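Data first, discussion second: the structure below is written as structure tokens.
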Amino acid sequence: CSSDLGKKTIYQSVEVATKKKYKGDLILVNNDQQYYTGEEDLITINDEITSKGWTGFTANDESLQLCTTPCDCLGKLLQDFSTATGITDVVVLDAYRTQQQQKTLYDDDLASTGLDHSERVAMPGYSEHQTGFAIDLTTSENWDYDGTGSYAWINDNCWKYGYILRYPENKTDKTKFKYEPWHYRYVGVPHAYYIHKNNLCLEEYISQLKSYTYDGQHLCFTDDNGVAYEVYYVPSDDANDTTYVSVPVDLKYDISGNNSDGFIVTVYKDSDTDTTQAATSADASAATDTTTADQNSTTVSATETSPTEQ
């Protein structure tokens with residue numbers, strides 16, 4: 001990035017299990033992309049409410065679960081919302097679902113509508129709720145949530161906690177889902193920021209990231225807090241059990257699958273780190289070879305038009 005002032009970046013190849021392309025914060029799950037259930041790092045929301053002393057919201061059911069990081073970030077988001085607005089009636093209505101729970105919801109909807117497919121409930125295996133990264137909100141006031149009025153604070157600020165409004169009203173042609181003002185998805189702070197600032201849905205963002213390959217231009221941007229990020233895509237080596245992913249040696253990074261054909265590397269430009277601190281969403285082990293390269297990156301304003309979809 002231009003912030004490197006011409007410095008070179010040293011990369012090393014890390015070996016990632018190719019099947020890990022189906023795991024990570026940035027996996028795209030929709031009517032066309034199945035989720036392969038398993039390995040969710042789940043914790044119970046009510047247990048976290050009790051242990052963290054959160055008082056600004058409640059969970060609808062004592063058994064509701066989320067993956068660990070999304071749960072912690074959700075708690076901070078809703079607690080800060082309550083502090084900012086004085087509102088304490090937000091309820092986490094739904095979160096993680098098992099395959100069987102999703103099937104029951106789907107079958108019940110078919111029975112109630114008489115249709116041969118559901119227009120309201122995702123097919124079992126194709127719901128974000130099965131990832132442990134998605135939540136539905138409501139309120140105890142009237143058991144309805146439209147994200148307007150004082151609750152618009154959540155939409156305006158959820159990116160700071162790694163969440164996006166997953167099914168926006170103006171993106172139904174892309175998501176193939178009706179507008180759901182209550183449904184939020186965790187993708188991590190860098191990506192939530194970029195999606196929010198550029199008025200994208202997750203389908204658009206994941207598609208656009210394929211334009212930013214490791215050996216081509218990288219996507220670089222700085223969020224409203226002045227934190228700089230670099231993002232690029234590495235296709236999976238589907239002919240082999242492992243894929244070699246190039247990552248910077250001296251900077252913190254995450255690796256996430258996209259649930260389809262590759263991995264997305266997120267580099268935290270302002271955070272020097274040793275190898276024990278490098279956070280990876282997909283398990284990776286370092287290979288022996290390293291390369292020194294000029295930054296294959298371009299600085300892109302978060303408000304500029306994003307590249308053409310691929």
Side-chain angles (χ1 to χ4, degrees), residues 23-27 29 35 37-102 104-105 121-122 127-167 180-193 196 225 254 256 277 279-281:
K23 303 296 179 184
D25 297 344
L26 288 172
I27 56 172
V29 177
Y35 175 64
T37 304
E39 303 179 18
E40 295 87 10
D41 177 26
L42 297 171
I43 55 176
T44 303
I45 297 174
N46 257 351
D47 288 348
E48 291 299 289
I49 289 175
T50 300
S51 65
K52 300 288 178 59
W54 291 329
T55 58
F57 68 102
T58 57
N60 181 50
D61 189 296
E62 291 186 358
S63 65
L64 283 184
Q65 294 180 303
L66 274 178
C67 288
T68 301
T69 298
C71 186
D72 184 57
C73 293
L74 175 68
K76 292 174 181 176
L77 165 63
L78 296 182
Q79 192 65 27
D80 287 351
F81 163 72
S82 179
T83 299
T85 64
I87 295 173
T88 60
D89 66 358
V90 171
V91 178
V92 182
L93 180 65
D94 207 354
Y96 170 75
R97 296 174 190 158
T98 65
Q99 176 84 354
Q100 184 56 52
Q101 287 172 325
Q102 190 66 31
T104 298
L105 286 173
V121 181
S127 170
E128 283 199 325
H129 282 286
Q130 293 180 243
T131 68
F133 295 150
I135 53 100
D136 292 339
L137 298 182
T138 189
T139 68
S140 59
E141 179 69 22
N142 54 16
W143 293 95
D144 190 21
Y145 182 90
D146 62 10
T148 62
S150 296
Y151 301 96
W153 187 99
I154 295 176
N155 287 358
D156 293 339
N157 292 277
C158 63
W159 72 263
K160 300 173 185 177
Y161 306 82
Y163 277 88
I164 59 171
L165 180 66
R166 180 62 178 93
Y167 304 120
E180 293 190 0
W182 56 81
H183 184 104
Y184 295 85
R185 159 71 190 270
Y186 181 83
V187 295
V189 171
H191 311 287
Y193 169 78
H196 175 74
N225 295 322
D254 295 327
S256 173
Q277 294 173 308
T280 57
S281 299

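A quick note: this is a predicted structure, and the numbers were derived from the prediction, not measured. These numbers come from the heavy atoms of this one structure, side chains and all, not from hydrogens, waters or symmetry mates.
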Within the 4.5 Å heavy-atom criterion, are Val187 and Phe133 side-chain neighbours or not?
no

Applying the side chain to side chain contact (heavy atoms under 4.5 Å, CB included) criterion to Val91, which one of Thr139, Thr138, Asp61 satisfies it?
Thr138

To the nearest 0.5 angstrom, please state how far the CZ atom of Arg185 sits from the NE2 atom of His191.
11.0 Å

Give a yes or no answer on whether the side chain of Gln102 reaches the backbone of Ala122 with a donor-acceptor pair at less than 3.5 Å.
yes

Taking all non-hydrogen atoms of both residues, which atom of Cys158 and which atom of Asn155 are closest, and how far apart?
SG-O, 3.8 Å

Quick one: which of Leu93, Thr44, Asn46, Asp94 gives a side chain to side chain contact (heavy atoms under 4.5 Å, CB included) with Leu64?
Asp94

Determine the interplanar angle of the Tyr186 and Tyr163 rings, folded into 0 to 90°, and report it as parallel if under 30°, tilted if 30 to 60°, perpendicular if over 60°.
perpendicular

What's the spacing between Phe81 CZ and Ser150 OG if we round to 0.5 Å?
6.5 Å

Is a donor on one side and an acceptor on the other found under 3.5 Å between the side chain of Lys23 and the backbone of Gly38?
yes

Between His129 and Gln101, do the side chains contain a donor N or O and an acceptor N or O under 3.5 Å apart?
no

Side chain proximity check, Leu74 to Trp54, heavy atoms < 4.5 angstrom:
no

Give me the atom names and distance for the closest heavy-atom approach of Gly132 to Leu66.
O-CD2, 3.3 Å

Inter-residue atom distance Leu165.CG - Trp182.CH2, 0.5 Å rounding
10.5 Å

With a 3.5 Å distance limit and no angle check, can you tell me whether Ser82 reaches the backbone of Gln79 through a side-chain donor-acceptor pair?
no

Does one side chain, of Ser256 or Asp25, offer a donor that lies under 3.5 Å from an acceptor on the other?
no

In terms of side-chain heavy atoms, does Tyr161 have a donor or acceptor partner in Asp80 at a distance below 3.5 Å?
yes

Nearest heavy-atom contact between His196 and Asp156 is NE2-O, 4.0 Å

Less than 4.5 Å apart, side chain to side chain, heavy atoms only: is that true for Trp153 and Ile87?
no

Could you tell me whether the side chain of Glu128 reaches within less than 4.5 Å of the side chain of His183, counting heavy atoms only?
yes

How long is the straight-line distance from OG1 of Thr68 back to CD of Gln65, given to the nearest 0.5 Å?
10.0 Å

Worked check of side chain to side chain contact (heavy atoms under 4.5 Å, CB included) between Val92 and Leu78
CA-CA 10 Å; Val92 182; Leu78 296 182; 4.0 Å; yes

How about Tyr35 and Ile27: do any of their side-chain heavy atoms sit closer than 4.5 Å?
yes

Gap separating the CD1 atom of Ile45 from the CG atom of Asp72, nearest 0.5 angstrom
12.0 Å

Step through the shown structure and confirm whether more than 12 heavy atoms of other residues, nucleotides or ligands are within 6.0 Å of CD on Gln99.
yes

ring-ring contact (aromatic ring centres under 6.0 Å, His included) filter on Tyr145, not counting sequence neighbours, yields Tyr151

Distance check, rounded to the nearest 0.5 Å: Lys160 atom NZ versus Lys76 atom NZ?
15.0 Å

